[in-house]
Each structure stands twice: as C-alpha cells, then as structure tokens.
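Working notes, structure below.
Ligands are counted one by one from 1 in listed order, and the atoms in each one are counted from 1 as well. A quick note: this is a predicted structure, and the numbers were derived from the prediction, not measured.
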Amino acid sequence: MKRSLLAAFFERMVVLALAVGLCVSAAPAAADIEADIRLGNALADLLRAGRTVVSSSQPLINDPELGDKGFSGERLIDEAKALYAKSTGASPLGGDMSERDRRLLEAQMLAMQRIVDSHQAEINRKGLGFKGFIPAVFARLANEEFAQIAGKEALIRVTAPMNLVRNRKARPDAWEREVVEQKFLSGDWPKGEPYTETAEYEGRPAFRMLLPEYYRESCLSCHGGPQGETDITGYPKEGGKIGDLGGVISIVIFK
Ligand code: HEC
C-alpha cells in the first residue's frame, strides 16, 4: 500500500516535470529573447557604424586625383569600432558576451573587412570621380558575405517599404512587408522603436527583429526630390523627405 502511493506520487511528479518542460520549450524564455535583442541591436549598430565610415569617406573614395587611398578593410573596421564605441558606450567585442554573440559579431567584422579589401582596385582607380561604392552597396555586399560565413546561424539584410525598393535583392519578404505596412507606417508607431517576434524565416523557426531607418538630410541628394529625377547613381529619386521611413534593417537569428 505504502509503496504504491509512493509510486503514484513519483509518477505524478514525472508527468508534472514533463508538462513544465514542454511549456518552457514551447515559449522561449524571456532571458533568451533579451539576449537575442541585445545581439540584434549589436549587429545593426555595427552595420550602421560601417556604413557611416563609408559615408564619411566618400570624398576620399571619390577623389579622382588620388591613386592609393589607404582605405583598407582594416581601416574601415578600426573606424567602425571607434564609432560603435562612441554611440553605444562599449566596444563591439568588449565586456561579458556569449560565445555565439562573439562569433557572429566577429563574422560581421570579417565580412565588412573583406568587402572593402576586395574593392581596392576600384577604390584606388585614378582619374575616376564617383565610384558607386556607397554605404547601401557596401552594406548589401557585407550582408551577403556575412550570410556566406554565418548564414546558418543568422542573417542581416536591409530592406525597405515596397514602393521604395531600388535593388530587387532588397525586396521585403511577406513578414517584413506586413510589419512595415501594419506597424512602422501606421501613424502611431513610436519613432525608432524596433519590432521583434519569434517567427519563421524560410520555414525555419527564428527570432526576427526589424529596426526602422528614416531619411536624413544626407540621404536626400539621392532619395529626395524632385521625384523621378535621376540621382548620381542612375536611379530615379523617390521624393523622400527628412523623417520619412526610408528602410529597415532586418535581423534573423535562427533557433
Ligand atoms: C549617393 C546616393 C545615395 C545616398 C546619399 C543614399 N542612398 Fe540609399 N541607396 C542608393 C542606391 C544606389 C541604393 C541601391 C543599392 C544597391 O544596389 O543595393 C540604395 C539603397 C538603399 C536602401 C536599401 C533598399 C533598396 O532600395 O535597395 C535603403 C534602405 C536606403 N538606400 C536608405 C538610405 C538612407 C536612409 C540614406 C541616408 C542615410 C541613403 N539611403 C543615402 C543611393 C543612395
């Protein structure tokens, strides 16, 4: 009698433990989501820092008088790290960080470095002014390179509202499109606030994060008005205004 009661008790405990275990694995723990948000922000901030370096280096890159510009991948990474530290208060690989985060941020730096290094001939070409090595192109190529290195674990993309997409490769997927249209373009979305969700990417479960980006003065020589006029890169201008949603950084972290 005593033994069977005990057995029943243990049986119940096992069932309870299994049930608790199932609940925990079905819904990601808050700590996991927090860690993913931290990583998503770090990847986005580092991409932005790299783009800013390419942006502020445009006069150098586009100088037709100068051959060797000394604008190496290493230099880009040094300057991007410094910018990152200035805007976030810490260096990208500084402080306590998980192995996954370190691996993915290192992969991103390697990707950005490789893109600048593989464009040296173009960057150093004498006699040519505007070279088309602009922040958006740099970012797209670096993100593609990142996917080559770490695409099984994570992806970084830059996309935009459908009517603004220039490069077909930047077209939003159905999920991105819905968030852009239903959240970011709705009048009441808090400016700059990212959107996160545990969703799928191409059939795989993933943590997904979208960070809205708005046009600033420096964007309008290409994305501003008059709408339809050709910009220096050969694309028709979008007629955008300062503060309009110009695009989104899209982060996927596979589970
Ligand atoms: C010198 C012209 C120029 C400037 C300045 C410029 N862009 Fe772009 N932008 C482009 C071109 C060209 C592309 C397409 C790049 C490619 O081939 O992937 C692009 C692509 C983009 C994309 C990716 C989606 C797409 O349409 O392919 C976003 C988002 C974007 N730009 C936002 C901005 C923002 C925000 C700024 C200002 C901070 C800015 N751009 C400044 C020329 C420019």
Side-chain angles (χ1 to χ4, degrees), residues 40 43-64 71 76 79-80 83-84 87 111-112 114-116 118-119 122-123 128-148 155-177 179-181 183-185 189 191-195 208-252:
L43 292 168
D45 284 337
L46 197 52
L47 180 70
R48 289 189 181 121
R51 274 194 322 207
T52 303
V53 175
V54 174
S55 174
S56 55
S57 306
Q58 287 296 297
L60 172 68
I61 292 170
N62 294 333
D63 183 346
F71 188 70
L76 172 113
E79 291 184 14
L83 277 179
Y84 181 102
S87 69
M112 296 201 297
R114 279 186 184 164
I115 293 311
V116 175
S118 65
H119 284 73
E122 198 178 319
I123 290 168
L128 181 70
F130 182 68
K131 306 202 171 50
F133 192 72
I134 60 171
V137 170
F138 159 77
R140 175 170 52 77
L141 296 174
N143 291 339
E144 286 171 10
E145 184 67 23
F146 177 82
Q148 291 292 318
L155 296 169
I156 314 162
R157 303 180 345 104
V158 180
T159 179
M162 266 308 260
N163 62 320
L164 298 182
V165 171
R166 290 187 163 202
N167 192 308
R168 285 185 58 85
K169 290 182 179 169
R171 284 165 72 106
D173 72 5
W175 182 86
E176 288 161 340
R177 196 172 163 175
V179 175
V180 165
E181 285 166 12
K183 312 274 182 200
F184 294 162
L185 289 174
W189 188 259
K191 197 117 198 179
E193 179 100 347
Y195 178 84
R208 300 194 65 171
M209 180 170 187
L210 290 186
L211 303 98
E213 305 220 282
Y214 306 92
Y215 288 138
R216 299 191 297 264
E217 178 65 41
S218 69
C219 315
L220 300 185
S221 60
C222 294
H223 295 285
Q227 190 173 5
E229 188 184 86
T230 305
D231 74 12
I232 188 173
T233 69
Y235 279 94
K237 296 186 190 180
E238 285 81 0
K241 296 187 182 57
I242 292 178
D244 286 355
L245 182 74
V248 297
I249 297 178
S250 177
I251 308 275
V252 177

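- The nearest heavy-atom contact from the protein to atom 12 (C) of ligand 1 is T233 OG1, 3.4 Å.
- Between F71 and V53, the closest side-chain pair of non-hydrogen atoms falls below 4.5 Å.
- With hydrogens and angles ignored, the 3.5 Å screen pairs a side-chain donor or acceptor of K131 with a backbone N or O of I61.
- Contact check for V180 versus P172: no side-chain heavy atoms found under the 4.5 Å cut-off.
- Ligand 1 has T159 within reach: a non-hydrogen atom of the residue lies less than 4.0 Å from it.
- Between R140 and ligand 1, at least one N/O pair is under 3.5 Å apart.
- Around atom 8 (Fe) of ligand 1, the protein contributes the following N, O or S atoms under 2.8 Å, ordered by chain and number: H223 NE2.
- Using a 4.5 Å cut-off on side-chain heavy atoms (C-beta onward), M112 and F138 make contact.
- In terms of protein heavy atoms, atom 5 (C) of ligand 1 is closest to S218 O, 3.4 Å.
- Under the 3.5 Å distance criterion, the side-chain polar atoms of T230 are left unmatched by any main-chain donor or acceptor of P236.
- Looking at atom 15 (C) of ligand 1, its nearest protein heavy atom turns out to be V137 CG2, 3.9 Å.
- Sorted by first and then second residue, the salt bridge (charged side-chain N to carboxylate O under 4.0 Å, His left out) pairs involving residues 50-59 (not counting sequence neighbours) are R51-E213.
- Within ligand 1, the atoms closer than 4.0 Å to a non-hydrogen atom of V165 are 26 (O), numbered from 1 in the order shown.
- Side-chain atoms of E217 and I242, non-hydrogen and from C-beta on, do get closer than 4.5 Å to each other.
- Side chain of Q58 to main chain of F133: a donor-acceptor pair is present (N/O by atom type, distance under 3.5 Å, no hydrogens or angles).
- Close approach of ligand 1 to Y235 is summarised as follows: ligand atoms under 4.0 Å from at least one heavy atom of the residue are 12 (C).
- The closest non-hydrogen atom to atom 24 (C) of ligand 1, taken over A170, P161, G234, comes from A170.
- The part of R216 lying near ligand 1 is the side chain, judged by heavy-atom distances below 4.0 Å.
- Under the 4.5 Å side-chain criterion, counting only non-hydrogen atoms from C-beta, D244 is not in contact with L164.
- Using a distance-only test at 3.5 Å, with no hydrogens or angles considered, a donor-acceptor pair links the side chain of Y214 to the main chain of G192.
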Practice task
Start with the C-alpha distance between R166 and D231, add both sets of side-chain angles, then the distance that settles salt bridge (Lys or Arg N to Asp or Glu O under 4.0 Å), and finish with yes or no.
Solution key: CA-CA 12 Å; R166 290 187 163 202; D231 74 12; 2.8 Å; yes
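- With a heavy-atom cut-off of 4.0 Å, V248 does not touch ligand 1 at all.
- By the definition of a contact as any protein heavy atom under 4.0 Å away, atom 22 (C) of ligand 1 is not in contact.
- Residue-to-ligand polar distances place N167 within reach of ligand 1: an N/O pair is separated by less than 3.5 Å.
- Close contacts between ligand 1 and L164 involve ligand atoms 26 (O) [criterion: under 4.0 Å to a heavy atom].
- No donor-acceptor pair closer than 3.5 Å links the side chain of N143 to the backbone N or O of L155.
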